[in-house]
Amino acid sequence: MYPTPDERQLALLEFLEDKEVHKLDDYRKSLKNTFNISDEESTEMQKPKKIGSKPSRPIFTGDTARDVSNGKKYGHLVHADKANFYITDLGLSHLYFLRSKEKNNDG
C-alpha cells in the first residue's frame with residue numbers, strides 16, 4: 001500500500017537517523033523497499049492540472065521531493081549540497097517524538 005505523508009515523514013527521518021549524508025535517489029530506494037512500492041506505483045503519473053495537458057512527473061517523484069523539501073522547511077534536515085542532505089538535531093528529536101507517539105498508540 002502506498003504510504004501516507006506521515007508514514008513517509010517517519011521513514012525519511014529513520015532513513016537519515018545514521019547522520020550520514022544521503023541522496024534523494026537513495027531515499028526513494030529505501031522507501032520503495034520499506035513499503036513494497038511496485039514499479040507501477042512509483043511510475044504512476046500525476047494528473048494534469050489543465051485539461052489537455054500532459055502529466056509532468058510521477059506522483060512518487062513529486063511526493064519524495066516534497067518530503068525532503070518539507071524536512072528542510074521544518075529544520076529536520078539540511079542540504080550538504082544541491083542533491084545531498086542529512087538530519088539535524090531537531091530532526092532526530094522529532095524522530096524520537098514520533099516513535100514515542102507511535103509506541104504509545106500501539107498500547
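The figures that follow rest on heavy atoms only: side chains count, while hydrogens, waters and symmetry mates do not.
Distance alone, capped at 3.5 Å, is enough to place a donor-acceptor pair between the Ser93 side chain and the Asp89 backbone. Remark: the backbone N or O of Thr4 is paired with a side-chain donor or acceptor of Glu7 at under 3.5 angstrom. Side-chain atoms of Thr61 never come within 3.5 Å of backbone atoms of Arg57 as a donor-acceptor pair (strictly under, hydrogens ignored).
Between Ile37 atom CD1 and Leu31 atom CG the span is 4.5 Å, to the nearest 0.5 Å. To the nearest 0.5 Å, atoms CZ (Arg8) and CG (Leu13) are separated by 12.5 Å. Atoms CG and NZ, on Leu24 and Lys29 in that order, are 11.0 Å from each other to the nearest 0.5 Å. The CZ atom of Phe35 sits 11.5 Å away from the CD atom of Glu41 when rounded to the nearest 0.5 Å. In this structure, CD on Glu40 lies 9.5 Å from OG on Ser42, to the nearest 0.5 angstrom. Taking CG of Leu16 as the start and CG of Leu95 as the end, the distance is 9.5 Å to the nearest 0.5 Å.
A parallel orientation is assigned to the rings of His76 and His94, their planes being inclined by less than 30° (bins at 30° and 60°). Taking the six-membered ring where the residue is Trp, His22 and Phe15 present tilted rings, their angle falling between 30° and 60°.
Within 6.0 Å of CG in Asp81 there are more than 12 heavy atoms belonging to other residues, nucleotides or ligands. Heavy atoms of other residues, nucleotides or ligands lying less than 6.0 angstrom from NZ of Lys32 number more than 12.
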Can you list the steps and then say if Leu12 with Tyr27 is a side chain to side chain contact (heavy atoms under 4.5 Å, CB included)? CA-CA 7 Å; Leu12 174 61; Tyr27 166 55; 3.7 Å; yes
Begin from the C-alpha positions of His79 and Val68 and carry the test side chain to side chain contact (heavy atoms under 4.5 Å, CB included) through to its verdict. CA-CA 9 Å; His79 279 92; Val68 171; 4.0 Å; yes
Start with the C-alpha distance between Leu77 and Tyr86, add both sets of side-chain angles, then the distance that settles side chain to side chain contact (heavy atoms under 4.5 Å, CB included), and finish with yes or no. CA-CA 5 Å; Leu77 62 89; Tyr86 58 93; over 6 Å; no
What's the verdict on side chain to side chain contact (heavy atoms under 4.5 Å, CB included) for Glu17 and Leu92, showing C-alpha distance, side-chain angles and the deciding distance? CA-CA 7 Å; Glu17 186 176 17; Leu92 283 171; 4.1 Å; yes
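The pair Lys23-Asp26 does not meet the salt-bridge criterion, since no charged nitrogen lies less than 4.0 angstrom from a carboxylate oxygen. Salt bridge status for Arg99 with Glu14: present, with a side-chain N to carboxylate O gap under 4.0 Å.
There is no path of hydrophobic side-chain contacts, each under 4.5 Å, that joins Val78 to Leu90. Put simply, Phe97 and Leu10 are part of the same group of oily side chains (I, L, V, M, F, W, Y) that touch within less than 4.5 Å, one to the next. Leu98 and Tyr96 fall within the same hydrophobic cluster, defined by Ile, Leu, Val, Met, Phe, Trp and Tyr side-chain heavy atoms under 4.5 Å apart, directly or through other members.
Of all non-hydrogen atoms in Gly75 and Thr88, the two that sit nearest each other are O-OG1, 2.5 Å.
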